[in-house]
J.: 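Here it is, the structure, as structure tokens.
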Amino acid sequence: MQKDTIQINGIAVDVYSLNTVIVGSGCAGFNAADCLHKLGQHNIALITEGVNLGTSRNTGSDKQTYYKLTLSGTVPDSVGEMAKTYFAGGAMHGDVALIEAALSAQCFSKLASIGVPFPHNKYGEYVGYKTDHDPRQRATSAGPLTSKFMTEKLEKQVADKKIKIFDGYRVIAILTQKSKEPYPVGSVGTTDRRSATYPDAVGLLAINLEKTDHANFGFTLFNCTNIVFATGGPAGMYADSVYPESQIGASGIAYEAGAVGQNLTESQFGLASIKFRWNVSGTYQQVIPRYISTDRAGNDPREFLAEYFASPGQMMNAVFLKGYQWPFDPRKIADYGSSLIDILVYNETQIKGRRVWMDFRHNPASCGKDGELDFSLCNEETHTYLKNSNALFGRPIDRLAHMNPPAIQLYKDNGIDLYEEMLEIAVCAQHNNGGLFGNIWSESNVRHFFPVGEANGVFGVYRPGGSALNSTQVSSLRAAQFIAANYTQPPLPMEAFVDAIEKQFLEKWEFAREFTQKHKNEEQKTSGPCAEKNDILEYRQAMQKRMTDCGAHIRSLEKIEAAIRECLDELKSRKRSAAQFPDSIVQAFINRDILITQYVYFCAIREYIHRGGGSRGSYLIQDAKGDLPIAMLSEEFRFSLDSGELRDRVCEIRLDMDTLECRCDWKPVRPIPTEDHWFETVWAEYRMGQTFAQ
């Protein structure tokens with residue numbers, strides 16, 4: 001790595017030159033760095049806003065799942081069968097499904113070998129269990145903090161290799177230049193979408209968070225041949241979110257740079273606590289807590305679920321199944337299904353303006369007498385599970401303490417005692433199945449730019465639980481393999497780099513300069529602190545509320561159209577996006593990133609509805625001609641299930657920053673490849689380096 005200090009239009013700025021920069025310090029980012037180093041590419045560095053921030057380190061669930069090929073027992077499994085499971089989720093490319101399956105065992109074995117405590121029996125079998133959308137027992141877990149363990153162990157691999165980490169840097173731009181050669185059409189991993197009209201990535205612009213008060217605002221340049229983009233999902237878009245507050249995402253700068261997005265409609269939503277952000281899935285629901293609604297001040301408590309169910313047993317079964325079927329799914333609303341719970345929680349919080357809580361201290365009043373739960377009311381599945389768990393007794397908290405005591409301790413460690421208080425919840429954004437386009441090597445349409453992990457739009461409508469953790473490892477490994485085989489050249493010479501990025505740099509500089517000028521003007525008007533000091537964070541909260549209201553799991557064309565108009569107005573006018581103090585420059589750039597991301601997502605949702613898409617995946621599209629889940633609900637919840645006509649298509653979307661227009665293309669899904677598996681042929685291709693060809 002080489003460091004220089006250069007002048008751009010009189011502005012002094014540090015430039016670091018190296019082969020590859022990895023953006024992000026979660027499971028995907030650390031694995032990319034570790035794999036690159038092992039493959040011989042040592043001229044690399046990792047950039048992060050905070051090494052202890054991000055989703056991988058700070059999130060989990062009742063029993064956080066890792067999805068991989070079956071490695072125990074006698075039930076047959078194969079790479080091909082696992083690929084079919086992925087592909088069956090709809091709107092997912094078959095070659096990507098095959099890759100996710102083929103590398104799952106290798107990636108899992110690496111994690112186990114570096115110390116992630118996945119359980120195995122005395123014979124060495126890594127036993128599994130069945131997760132959602134899983135026909136086998138491929139799932140495994142290291143407990144509620146599986147991804148945290150993964151991150152910590154992978155971070156140690158990076159530290160042991162002494163890979164440079166730029167901690168405390170926010171990336172605000174992906175720097176590009178016009179591509180000097182067209183992509184070969186029809187080559188492996190490419191299609192006609194890749195042409196000379198797309199740019200090449202040549203570097204990054206970041207802000208050093210400790211130097212925002214310097215004359216250059218802390219602007220720092222990275223001149224690099226490759227970028228591995230491991231920034232996670234677009235967490236900062238939502239008000240109701242189970243993403244950790246430290247996780248924001250940075251997809252907007254990718255769309256701004258010309259990167260294509262895909263399947264942006266396909267996010268996952270589910271019930272989560274909001275004081276401490278955590279998925280309330282699994283045992284939290286299986287112990288059948290009671291659900292309480294209060295006014296905004298926490299008064300007027302009511303048990304509200306029972307009035308919507310035909311019988312107490314139906315309510316008990318729906319709550320219990322919420323543990324198995326945690327993500328919201330419109331197919332599981334009818335006949336008092338588990339996703340009716342999500343609808344009723346949303347009705348209380350978003351329609352009635354109340355607050356909802358799970359109470360583990362008392363049994364649901366309608367499901368027994370004298371505070372005792374009548375287990376005979378529930379169906380065979382619920383009763384058998386609780387019986388086999390020796391949990392046919394006591395209060396929800398007693399059953400939870402018996403079945404999963406760490407679930408109680410987790411909240412206690414974060415300031416919530418479930419023995420003493422209720423747990424406030426909402427329907428929250430949890431994961432984005434879609435994201436940035438990546439080919440079979442995780443490379444974007446922007447050459448040398450590799451989105452990995454949740455930033456990469458790997459999945460379609462449905463995916464097996466735990467597959468997201470597997471994908472962090474698979475996508476980052478693939479990027480590292482391709483870079484090490486094809487993109488080992490040094491970055492641009494400094495003069496060529498400055499020529500390529502000067503205009504982009506100055507655009508961001510002017511954006512930052514305007515903030516500072518606004519601050520100075522406000523200081524001249526007032527003797528005290530700026531009256532609008534909190535404007536930036538207030539604006540972010542307004543944007544987040546807009547996404548939760550319009551683009552979360554309940555959607556309507558009317559609201560989407562209104563949201564698009566608002567986003568366009570704000571993009572054109574930079575409405576309320578000026579900073580009032582130097583540190584807020586970073587926050588203003590984050591707001592712009594969120595705004596761009598929201599706009600692209602809203603346009604993708606509008607495109608889907610215009611195409612006749614109905615309710616599917618983890619969202620409900622309002623349809624005046626559809627059915628109401630139950631008669632007691634308002635017309636806002638009338639919907640029709642999707643016909644399935646778009647399941648064999650992937651919606652790709654690209655933003656033109658000059659016109660602020662989004663173009664959508666519907667690509668047919670690529671089938672699962674049927675390759676010649678003759679060993680001698682594959683061996684020959686591998687020896688000749690053809691395996692990692694473009």
J.: Could you check if a side-chain atom of Q268 sits within less than 4.5 angstrom of a side-chain atom of R463, using non-hydrogen atoms only?
T.: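 They are in contact (side-chain heavy atoms under 4.5 Å apart), so the answer is yes.
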J.: Once you round to the nearest 0.5 Å, how far does CG of L568 lie from OH of Y599?
T.: 4.0 Å
J.: Anything under 30° is parallel, anything over 60° is perpendicular, the rest tilted; go ahead and classify F511 against F589.
T.: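 Ring orientation of F511 relative to F589: tilted.
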J.: For the side chain to side chain contact (heavy atoms under 4.5 Å, CB included) test, which of T151, L154, L469 pairs with S56?
T.: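 Result: among T151, L154, L469, T151 is the only option passing the side chain to side chain contact (heavy atoms under 4.5 Å, CB included) with S56.
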J.: Under 3.5 Å, side chain of Q504 to main-chain N/O of A500, donor-acceptor pair present?
T.: yes
J.: Can the ring centres of F692 and F482 be said to be less than 6.0 Å apart?
T.: no
J.: When the ring planes of Y255 and Y601 are compared, do they come out parallel, tilted or perpendicular, using 30° and 60° as the limits?
T.: perpendicular
J.: In terms of side-chain heavy atoms, does T220 have a donor or acceptor partner in D14 at a distance below 3.5 Å?
T.: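 The criterion, which ignores hydrogens and geometry beyond distance, is not satisfied for D14 and T220.
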J.: Measuring from E607:CD to C664:SG, what's the distance to the nearest 0.5 Å?
T.: 4.0 Å
J.: V79 versus L98: any side-chain heavy-atom pair under 4.5 Å?
T.: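 When only atoms from C-beta onward are counted, L98 and V79 do touch, with a gap below 4.5 Å.
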J.: Side chains of L204 and L221: does their closest heavy-atom pair fall under 4.5 Å?
T.: no
J.: Quick one, C567 and L595 - any side-chain contact, counting heavy atoms below 4.5 Å?
T.: yes
J.: Is the shortest side-chain N to carboxylate O distance from K110 to D34 below 4.0 Å?
T.: yes
J.: Okay, side chain of D593, backbone of I253: is any donor-acceptor separation there less than 3.5 Å?
T.: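 Checking the backbone N and O of I253 against the side chain of D593, a donor-acceptor pair under 3.5 Å is found.
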J.: Can you name the closest pair of heavy atoms from A259 and L436 and give their distance?
T.: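 Closest approach of A259 to L436: CB-CD2, 4.2 Å.
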J.: Restricting to side-chain contact (heavy atoms from CB on, under 4.5 Å), what partner residues turn up for D665, sequence neighbours left out?
T.: R663, K667
J.: Not counting sequence neighbours, which residues clear ring pair (Phe, Tyr, Trp, His ring centres under 6.0 Å) with F459? List them please.
T.: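 Checked F459 against ring pair (Phe, Tyr, Trp, His ring centres under 6.0 Å); zero matches.
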J.: Quick one: does R540's side chain get under 4.5 Å of I590's, heavy atoms only?
T.: yes
J.: Step by step, work out the side-chain contact (heavy atoms from CB on, under 4.5 Å) result for M92 and V669.
T.: CA-CA 6 Å; M92 182 177 184; V669 296; 6.0 Å; no
J.: So which atom in N486 and which in Q489 form the shortest heavy-atom distance, rounded to 0.1 Å?
T.: O-OE1, 3.7 Å
J.: Rounded at 0.5 Å granularity, tell me how far CZ in F229 sits from OG in S442.
T.: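 Reported value, rounded in 0.5 Å steps: 14.0 Å.
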J.: List in chain and number order the residues that pass ring pair (Phe, Tyr, Trp, His ring centres under 6.0 Å) with F497, two or more places apart in sequence or in another chain; answer none if no residue qualifies.
T.: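 By the ring pair (Phe, Tyr, Trp, His ring centres under 6.0 Å) rule, F497 matches no residue at all.
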J.: Distance-only, no hydrogens or angles: does the N208 side chain make a donor-acceptor pair with backbone N or O of E210 under 3.5 Å?
T.: yes
J.: What are the two closest heavy atoms between S618 and S267, and how far apart are they?
T.: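 In this case the closest contact between S618 and S267 is CB-O, 3.2 Å.
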J.: Just by distance, do the side chain of N433 and the backbone of N263 share a donor-acceptor pair under 3.5 Å?
T.: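 No; judged by distance alone, with no hydrogens or angles, the pair does not exist.
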J.: Flag yes if more than 12 heavy atoms outside K156 fall under 6.0 Å of its NZ atom; otherwise flag no.
T.: no
J.: Output yes when E155 and R57 qualify as a salt bridge under the 4.0 Å nitrogen-oxygen rule, no when they do not.
T.: yes
J.: Does E495 have more than 12 heavy atoms from other residues, nucleotides or ligands lying within 6.0 Å of its CD?
T.: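 Atom CD in E495 is not crowded, with 12 or fewer foreign heavy atoms closer than 6.0 Å.
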J.: In terms of side-chain geometry, is the basic nitrogen of E570 or R546 positioned less than 4.0 Å from the acidic oxygen of its partner?
T.: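 So E570 pairs with R546 through a salt bridge.
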J.: Which pairs count as salt bridge (Lys or Arg N to Asp or Glu O under 4.0 Å) when at least one residue sits in residues 242-264, sequence neighbours excluded?
T.: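 Qualifying pairs: E256-K508, E256-R592.
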J.: Honestly, is R649 close enough over W666, meaning NZ or CZ under 6.0 Å from the six-membered ring centre and within 45° of the axis?
T.: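 Because its charged atom misses either the 6.0 Å distance or the 45° angle limit, R649 does not stack over W666.
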J.: I need the single residue from T225, T488, N226, N43 that forms a side-chain hydrogen bond (donor to acceptor under 3.5 Å, both in side chains) with T20. Which is it?
T.: N226
J.: Will you find, in the side chains of S475 and N456, an N or O donor that is under 3.5 Å from an N or O acceptor?
T.: no
J.: Roughly how far, to the nearest 0.5 Å, is the CG atom of L18 from the SG atom of C224?
T.: 6.0 Å
J.: Show the numbers, then the answer: is there a side-chain contact (heavy atoms from CB on, under 4.5 Å) between C107 and L477?
T.: CA-CA 8 Å; C107 291; L477 169 60; 4.0 Å; yes
J.: Going by heavy atoms in the side chains, are N470 and F108 under 4.5 Å from each other?
T.: no
J.: Treating E443 as the side-chain partner and H448 as the backbone partner, does any N or O pair qualify as donor plus acceptor under 3.5 Å?
T.: yes
J.: Of the non-hydrogen atoms in A479 and F450, which two are nearest, and what is the gap between them?
T.: CB-CD2, 3.8 Å
J.: Determine whether a donor-acceptor pair (N or O, by modelled atom type, separation under 3.5 Å) exists between the side chain of Q473 and the backbone of C27.
T.: yes
J.: For Y169, which residues count as a ring pair (Phe, Tyr, Trp, His ring centres under 6.0 Å) partner, sequence neighbours excluded?
T.: F166
J.: Short question: side chain of Q64, backbone of T146 - any donor-acceptor pair under 3.5 Å?
T.: yes
J.: Just say parallel, tilted or perpendicular for the rings of Y238 and F269, cut-offs at 30° and 60°.
T.: perpendicular
J.: What pairs with E454 under salt bridge (charged side-chain N to carboxylate O under 4.0 Å, His left out), at least two apart in sequence or on another chain?
T.: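 Testing E454 for salt bridge (charged side-chain N to carboxylate O under 4.0 Å, His left out), a comparison that skips the adjacent residues, returns none.
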J.: Is there a side-chain contact (heavy atoms from CB on, under 4.5 Å) between I163 and I44? Walk through the geometry before answering.
T.: CA-CA 7 Å; I163 297 171; I44 62 176; 4.0 Å; yes
J.: Is there a ring-ring contact (aromatic ring centres under 6.0 Å, His included) between W509 and F217 once you walk through the steps?
T.: CA-CA 9 Å; W509 173 264; F217 305 121; 4.8 Å; yes
J.: Side chains of N31 and S476: any donor to acceptor distance under 3.5 Å?
T.: yes
J.: Verify, without hydrogens or angle tests, whether H93 (side chain) and R670 (backbone) share a donor-acceptor contact under 3.5 angstrom.
T.: yes
J.: In the structure I gave you, are the side-chain heavy atoms of I672 and D95 within less than 4.5 Å of one another anywhere?
T.: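 Answer no - side chains too far apart.
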J.: Report yes if the side chains of Q157 and I114 come closer than 4.5 Å at any heavy-atom pair, otherwise no.
T.: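 Yes, their side chains come closer than 4.5 Å.
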J.: Salt-bridge test for E152 and K148: reply yes if a basic N is under 4.0 Å from a carboxylate O, no otherwise.
T.: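 A salt bridge links E152 with K148.
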J.: Working to the nearest 0.5 Å, report the span between NZ of K3 and CG of N223.
T.: 15.0 Å
J.: For S467 versus P464, what's the shortest heavy-atom pair and its separation?
T.: OG-O, 2.7 Å
J.: To the nearest 0.5 Å, tell me how far T231 OG1 sits from E49 CD.
T.: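 Between T231 OG1 and E49 CD, I get 10.0 Å after rounding to 0.5 Å.
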J.: Give the minimum heavy-atom separation between S25 and F30, together with the two atoms involved.
T.: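 Taking S25 first and F30 second, the nearest heavy atoms are O-CE1, 3.1 Å.
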J.: Please check if the side chain of S61 supplies one atom and the backbone of N279 the other of a donor-acceptor pair under 3.5 Å.
T.: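 No; zero donor-acceptor contacts below 3.5 Å.
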J.: Ignoring hydrogens and angles, tell me if any N or O in the side chain of N58 forms a donor-acceptor pair with the backbone of S246 under 3.5 Å.
T.: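 No; judged by distance alone, with no hydrogens or angles, the pair does not exist.
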J.: I need the single residue from Y462, Y608, Y619 that forms a side-chain hydrogen bond (donor to acceptor under 3.5 Å, both in side chains) with E266. Which is it?
T.: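 Among the candidates, only Y619 passes.
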